[in-house]
Peer 1: 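Below: one structure in structure tokens.
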Amino acid sequence: MASFLYRWLTAEPDPDVIVIDLRETWTVGPVIAVLDRVVAALERGVPGSAVVAAGADAAAVVRARPVAVLSMLVLPVVALSAVTSALTASLTAGSFAAHLVAAVLSALGTRSKRDLEELRETRLGRLLVAAFEPPEPPAPARETDEPTAPLSSKEALTNGSEENETTNESTDERQ
């Protein structure tokens, strides 16, 4: 919601800007109508969907052990890359060493038991969160019915003396 694109799409229209309802156009209207029907059908099917349940289970596993899951995905890729390089005769001593280091690190990563919250609390995790987290939205300006105009010097003096009189009265009452 803090992105420029979202704010631009949801901004109040400028009176000088012509607003076109894309649902009424011949080119985009049919696409939007199809998307509306597809989304409506998906909304009805999501609660009992096996695909959504499997996705939720997979997300829970990734949150529970993200380093191990990533390592399990990287390890076969490294092995496949090494085999492919060997078969094409492009495997040099340096690339073999790089493949071996990547395979060892991936194998060690599969033993990690840290969950996502623990990783976010590490120094590197906090640094990554700070780098990729969107900025806080600006505080909404206080809206009033009347715009506040600056006081003239005479009004400021008059308002200031009234405040002083009120302050003096309340001081007198306390004494």
Peer 1: List the atom of Ser106, the atom of Val74, and the distance in Å for their closest heavy-atom pair.
Peer 2: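 For Ser106 versus Val74, the nearest heavy atoms are OG-CG1, 3.2 Å.
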Peer 1: Could you tell me whether the side chain of Val101 reaches within less than 4.5 Å of the side chain of Leu105, counting heavy atoms only?
Peer 2: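 Yes, side chains in contact.
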Peer 1: Would you say Thr92 and Ser95 are linked by a side-chain donor-acceptor pair, where the criterion is simply a distance under 3.5 Å?
Peer 2: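 There is such a pair between these side chains.
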Peer 1: Indicate yes or no: at least one non-hydrogen side-chain atom of Arg65 is less than 4.5 angstrom from one of Ser112.
Peer 2: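 Answer no - side chains too far apart.
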Peer 1: Restricting to non-hydrogen atoms, name the atom on Gly109 and the atom on Ser71 that form the minimum distance, rounded to 0.1 Å.
Peer 2: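 Reported closest heavy-atom pair: CA-OG, 3.2 Å.
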Peer 1: At their closest point, which heavy atom of Leu22 faces which heavy atom of Ile32, and how far apart are they?
Peer 2: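 Result for this residue pair: CB-CD1, 3.8 Å.
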Peer 1: According to a 4.5 Å side-chain heavy-atom criterion applied to Ile, Leu, Val, Met, Phe, Trp and Tyr, with indirect links allowed, do Leu124 and Phe132 form part of one hydrophobic cluster?
Peer 2: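 Yes; Phe132 is reachable from Leu124 via cluster members.
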Peer 1: Decide yes or no for Leu91 and His99: does some side-chain heavy atom of the first lie under 4.5 Å from some side-chain heavy atom of the second?
Peer 2: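 Answer yes - side chains close enough.
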Peer 1: For Glu24, does its backbone N or O pair with a side-chain atom of Asp21 as donor and acceptor, under 3.5 Å?
Peer 2: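 No.
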Peer 1: Taking side chain as C-beta onward, heavy atoms only, is Arg120 less than 4.5 Å from Val129?
Peer 2: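 Answer yes - side chains close enough.
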Peer 1: Is a side-chain N or O of Ser81 found less than 3.5 angstrom from the main chain of Val77, in a donor-acceptor match?
Peer 2: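 The answer is no, because no donor-acceptor pair under 3.5 Å joins these two groups.
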Peer 1: With a 4.5 Å cut-off on side-chain heavy atoms, are Arg23 and Asp36 touching?
Peer 2: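 Asp36 vs Arg23: side chains touch.
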Peer 1: Side-chain contact test, heavy atoms from C-beta onward, threshold under 4.5 Å: evaluate it for Val28 versus Thr25 and give yes or no.
Peer 2: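 Of all side-chain heavy-atom pairs linking Thr25 with Val28, at least one is under 4.5 Å.
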Peer 1: Would Val34 end up clustered with Leu42 when hydrophobic side chains under 4.5 Å apart are linked, directly or stepwise?
Peer 2: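 Result: yes, single cluster for both.
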Peer 1: For Pro76 and Leu73, work out which heavy atoms get closest and say how close.
Peer 2: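 In this case the closest contact between Pro76 and Leu73 is CD-O, 3.5 Å.
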Peer 1: Please report the shortest heavy-atom distance between Thr122 and Leu119, naming the atom on each side.
Peer 2: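 Answer, listing the atom of Thr122 first, then Leu119: OG1-O, 2.7 Å.
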Peer 1: Is the shortest side-chain heavy-atom distance between Met72 and Val69 below 4.5 Å?
Peer 2: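 With C-beta onward as the side chain, the pair stays apart.
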